[in-house]
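Order of appearance sets the numbers: ligands from 1, and atoms from 1 within every ligand. Just so it is clear, the model here is predicted, and its values are computed rather than measured.
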Amino acid sequence: MKSAIILLIVIIQLTHSASEPDAKSLLSVIADLTLSEDGKLNFTQLVTKYGHIAEQYEVTTEDGYLLKLFHIPGKRSSVLLTHGLAADADPYVIRGHGSLGIALADKEYDVWLLNNRGTKFSRRHTELNPDKDKKFWDFSFHEMGYYDLAATIDFVLDQTGEEKILAIGHSQGASQFFALTSLRPEYNEKVKLFLALAPGAYFFNMPTLFQIIATAGPILLELGKTLGIEELCKDRGALLTLIKTICTKGIISYEVCVKGAIFPFMGHNPAGFELSFLRTLFGHTPSGFSRKCLEHYDQLYFSEKFSQFDYGVKGNLVKYGRSYPPDYALSKITTDVAVMAGKLDTLSLVHNAKVLKKKLPNVVHFEVIEATTHTDFILSGEASKYLFPSIFRLLQKYD
Ligand SMILES: *[C@@H]1O[C@H](CO)[C@@H](O)[C@H](O)[C@H]1NC(C)=O
């Protein structure tokens, strides 16, 4: 417990020093040396390498964020992919034909990939400067749903002339979808089917390790706030460079980064996560996000509710006209929803996915995927064999 807290404080400190530019360059060079070819190629280059074209668009949200939206054109229905926390669109293509973004393109779907505010691709705003204005980082999955996803869905519909799209969200990508469609029910009319992979909504009966970290959460987050840390995992920042350096060094890296960090939190499954993949993965992740993202999830853990951000009694009265935050009204989500939960997932637990299923009025498909952890949905080298066929069957019904 103590060492975990110390480790987190060290991480927070390192993240903080990420704003100092000089420390990074040499480390960056060293880190890059150990990456695989696909670890070094960017999104566009990866998509090209695996036989498709990647276009880039800029979407402006109602509150002024400038988001990079990727498009892999195809002649079937449009599918919008929304990523999880600390990710961006990259992980959807880094397994080549074995990654969901490319596999959908191989099946001729018209694939769109959102990059949420705060990620390395969407760290821009019409007025706010992410390096200077704290206000830029004042968001959680709530704003990513209410603004980012809303603007992106409208943009895709406008570009394609379609009336409805298909959408897939992993983890936080599902949280933001539920936030949007419960608060702005008109968006239910714009989506034919939403597929939630390892959705993040309820956090009952969590594993001990998660409980320890979540319980220490308020203190750590308060510390972060005091130190003025709003942005986490800044691209090319000191923390990220350190992670890249440590995590791309072969067997030792596998012990430290995979067995020591990823498996305990996301679920244990070496089958989908081979040693050589580290040199690709850490060329692309983690991607930036705000401290408030973690704070909102920590609140959900304590409240055991899927509710809006808790600003404290005073703040809540101003914001919501009541002393506690309102729950997201899942009963208003009329879109067809499919839910897939991983049996080995230690973050989005199967029993919590079942709670979600009961609260959503329109679940058309619920599936527990065997031998799948939280990250396996997106990162497993085996997902194309045991997971994608199920996804394709489902999408085909709505195509
Ligand atoms: C990837 O790199 C190429 C070449 O530098 C550039 O044209 C392209 O815009 C980059 N793509 C992204 C997503 O940054």
Side-chain angles (χ1 to χ4, degrees), residues 18 21 24-25 28-29 31-61 65-74 78-106 109-126 129-131 136 144 148-149 151-153 155-156 159-160 168-170 172-173 231-237 239-241 243-244 248 277 279-289 378-379:
K24 72 190 184 194
S25 51
S28 260
V29 173
D32 281 354
L33 281 178
T34 47
L35 293 177
S36 66
E37 179 178 293
D38 286 6
K40 287 181 199 161
L41 296 178
N42 70 21
F43 183 93
T44 319
Q45 295 161 332
L46 279 169
V47 171
T48 308
K49 175 174 170 179
Y50 293 102
H52 298 278
I53 295 163
E55 300 173 346
Q56 300 181 34
Y57 294 90
E58 187 174 82
V59 176
T60 308
T61 69
Y65 287 80
L66 302 168
L67 312 176
K68 188 167 275 187
L69 174 66
F70 293 127
H71 180 214
I72 310 174
S78 293
V79 184
L80 174 64
L81 301 180
T82 311
H83 60 81
L85 182 71
D88 49 37
D90 275 358
Y92 277 120
V93 299
I94 58 175
R95 283 281 191 185
H97 297 290
S99 35
L100 192 56
I102 306 264
L104 285 167
D106 289 341
Y109 280 101
D110 189 50
V111 186
W112 297 81
L113 302 103
L114 166 63
N115 290 290
N116 280 310
R117 58 184 63 192
T119 61
K120 62 178 179 277
F121 294 122
S122 301
R123 211 177 158 280
R124 290 174 63 223
H125 190 277
T126 50
N129 177 342
D131 290 319
F136 180 94
M144 295 176 185
D148 297 359
L149 188 54
T152 304
I153 290 174
F155 186 90
V156 173
Q159 285 286 318
T160 60
I168 300 176
H170 177 241
Q172 175 191 263
E231 177 181 16
L232 297 164
C233 295
K234 181 183 178 176
D235 191 28
R236 283 186 285 247
L239 170 66
L240 222 60
T241 307
I243 291 177
K244 260 191 188 182
T248 52
F277 183 53
R279 298 186 194 277
T280 299
L281 179 65
F282 285 99
H284 297 278
T285 59
S287 193
F289 56 94
I378 309 303
L379 299 178

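- A pairwise comparison of heavy atoms in Asp106 and Tyr50 identifies OD1-O, 4.5 Å as the closest pair.
- Compare Asn115, Asp90, Asn42, Leu41 by their heavy atoms: the one nearest to atom 2 (O) of ligand 1 is in Asn42.
- Here's the thing with Gln56: one of its N/O atoms is less than 3.5 angstrom from an N/O atom of ligand 1.
- A salt bridge is defined here as a Lys NZ or Arg NE, NH1 or NH2 lying under 4.0 Å from an Asp or Glu carboxylate O, and Asp38 with Arg279 fails to meet this definition.
- Among all protein heavy atoms, the one lying closest to atom 4 (C) of ligand 1 is Gln45 NE2, 3.9 Å.
- Atoms of ligand 1 lying under 4.0 Å from any heavy atom of Phe70, numbered from 1 in the order shown and given with element: 13 (C).
- Remark: atom 7 (O) of ligand 1 lies closer than 4.0 Å to no protein heavy atom.
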Salt bridge (Lys or Arg N to Asp or Glu O under 4.0 Å) between Asp131 and Arg123, worked out: CA-CA 9 Å; Asp131 290 319; Arg123 211 177 158 280; 2.6 Å; yes

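- Within the listing of ligand 1, atoms 8 (C), 10 (C), 11 (N), 12 (C), 13 (C) sit less than 4.0 angstrom from a heavy atom of Thr44.
- The main-chain N or O of Leu281 is found under 3.5 Å from a side-chain atom of Thr285 such that the two form a donor-acceptor pair.
- Phe277 carries Arg95 over the face of its six-membered ring, with the cationic atom under 6.0 Å from the centre and within 45° of the normal.
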